[in-house]
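Below: one structure, written as structure tokens.
As a basis for the values below, the full set of heavy atoms in this structure was taken, side chains included, without hydrogen atoms, waters or symmetry mates.
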Protein chains: 2
Amino acid sequence: MNISEAAKRCGLGSKTIRYYESIGLVAPAKRSENGYRDYSDGDVEALRFLQRARATGFGIEECRQLLGLYDNQQRHSSHVKSLVLEKVEQVESQIAELEAMRDTLNGLASRCAGDEGPQCAILDELSTAEHEKPVAKKREDES
Amino acid sequence: MNISEAAKRCGLGSKTIRYYESIGLVAPAKRSENGYRDYSDGDVEALRFLQRARATGFGIEECRQLLGLYDNQQRHSSHVKSLVLEKVEQVESQIAELEAMRDTLNGLASRCAGDEGPQCAILDELSTAEHEKPVAKKREDES
DNA sequence: ACTAAAGGTTCCAGCAACTATAAGGTCAAC
DNA sequence: GTTGACCTTATAGTTGCTGGAACCTTTAGT
């Protein structure tokens, strides 16, 4: 089948599939006589695996690991599980960051009259206040 | 003062400051005789405003808007407030996405034995299952 | 006075994970 | 035979910086 059919079946875009091939995340598709990529049901299965893993929050390199485990009959399920639990932790810390942001934003909004006048607590606080910073990001600065 | 001193005072990196100048987010700094950028306390104030706005979750273009309002004596605080509340909504929908991801991941992990064997519910579900997708992202596909 | 380190300058490349665009080849239908 | 949809490749853009090279200036030490 052509790439667009494969794309339809796996839930990815055609461009995404070509991109995954270009970075070696999937093996190069075999080509039909006209040079078009030609996908088998097995290929689509692998692509669908990727689609789901990406949608579940795994990054490209993590997907590469998962595919490796998927293909490896010697795997230990404990290994897979630990990848997933690690991901849970990452996601939870992202959530915490965003919640802190939301709280900061709500705090700002609550102190702003939101009327026709120019006086604005939000701008005041952004320019001067020592309001709590939601995220303390590392900055390693210049080379 | 030199760029690294300004950087220290506003909490941004020197490179970030140069970058903000290069994209026109801040006005080009005036230069001293040797060609070095020379910052005033006022410049630092604007940079600190940016540092806080970014840390609070605003994107570059949103910062541009906020700075515009900051500089505009004719502003309405309602305008500023609505920017902030819009941002709150964006952040909340990101949180919801991440929570859905986390739940999916936890669901996967809970069904996996996590032992020495190769049988793994996680891989099984990623390859075949119709498990709930956390995010339904738009895909507009090819041109 | 000389030298080495630490700062400044510019510009170009790269990160994630694609997406958009251009310029072209192929195929099915009318 | 020509339209239009589909395929191909290659390149550039997205976001918000960060790292590096190559070079100049200032400062501190000998």
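Residues satisfying the ring pair (Phe, Tyr, Trp, His ring centres under 6.0 Å) test with Tyr19(B), not counting sequence neighbours, are none. Take Glu62(B) and apply the side-chain hydrogen bond (donor to acceptor under 3.5 Å, both in side chains) test, not counting sequence neighbours, and it matches Lys87(B). Residues satisfying the salt bridge (Lys or Arg N to Asp or Glu O under 4.0 Å) criterion with Arg37(B), sequence neighbours excluded, are Glu21(B). With sequence neighbours excluded, no residue forms a salt bridge (Lys or Arg N to Asp or Glu O under 4.0 Å) with Glu99(B).
Nucleotide dT8(D) holds its P atom 15 Å from the CD atom of Glu33(A), rounded to whole Å. dA17(C) atom C1' lies 8 Å from atom CD1 of Ile23(A), rounded to whole Å. One can place CG of Asp38(A) at 15 Å from C1' of dC6(D), the figure rounded to the nearest angstrom. One interatomic measurement links the two molecules: CZ of Arg64(B) to P of dT15(D), which rounds to 11 Å at whole-angstrom precision. When the C1' atom of dA5(D) is taken as reference, atom CD of Glu5(A) falls 15 Å away, rounded to whole Å. Put simply, CD1 on Ile17(A) is 17 Å from C1' on dT9(D), counting in whole angstrom units.
The phosphate of dC6(D) (OP1 or OP2) has no side-chain N or O of Ser14(A) nearer than 4.0 angstrom. Between Thr16(B) and dG16(D) there is no side-chain polar atom (N or O) within less than 4.0 angstrom of OP1 or OP2. Distances shown here put a side-chain N or O of Tyr20(A) below 4.0 Å from the OP1 or OP2 atom of dC18(C). Put simply, Asn34(B) has a side-chain N or O that comes within less than 4.0 Å of OP1 or OP2 on dT26(D).
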One character per nucleotide, please: for nucleotides 10-16 of chain C, 5' to 3', B when the base has a protein heavy atom closer than 4.0 Å, S when only the sugar-phosphate does, - otherwise. B------

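Put simply, the side chain of Tyr36(A) and the base of dG25(C) share a donor and an acceptor less than 3.5 Å apart.
Note on Ile3(B): only backbone sugar-phosphate atoms sit closer than 4.0 angstrom, heavy atoms only; bases stay farther off. Nucleic acid contact class of Phe58(B) (heavy atoms, under 4.0 Å, all strands): none.
Judged as a salt bridge (charged side-chain N to carboxylate O under 4.0 Å, His left out), the pairs with a partner in residues 64-84 of chain A (not counting sequence neighbours) are, in order, Glu61(A)-Arg64(A).
The pair Asp41(A)-Arg9(A) meets the salt-bridge criterion, with a side-chain N (NZ, NE, NH1 or NH2) lying under 4.0 Å from an Asp/Glu carboxylate O.
A donor-acceptor pair under 3.5 Å is formed between the side chain of Ser77(B) and the backbone N or O of Asp115(A).
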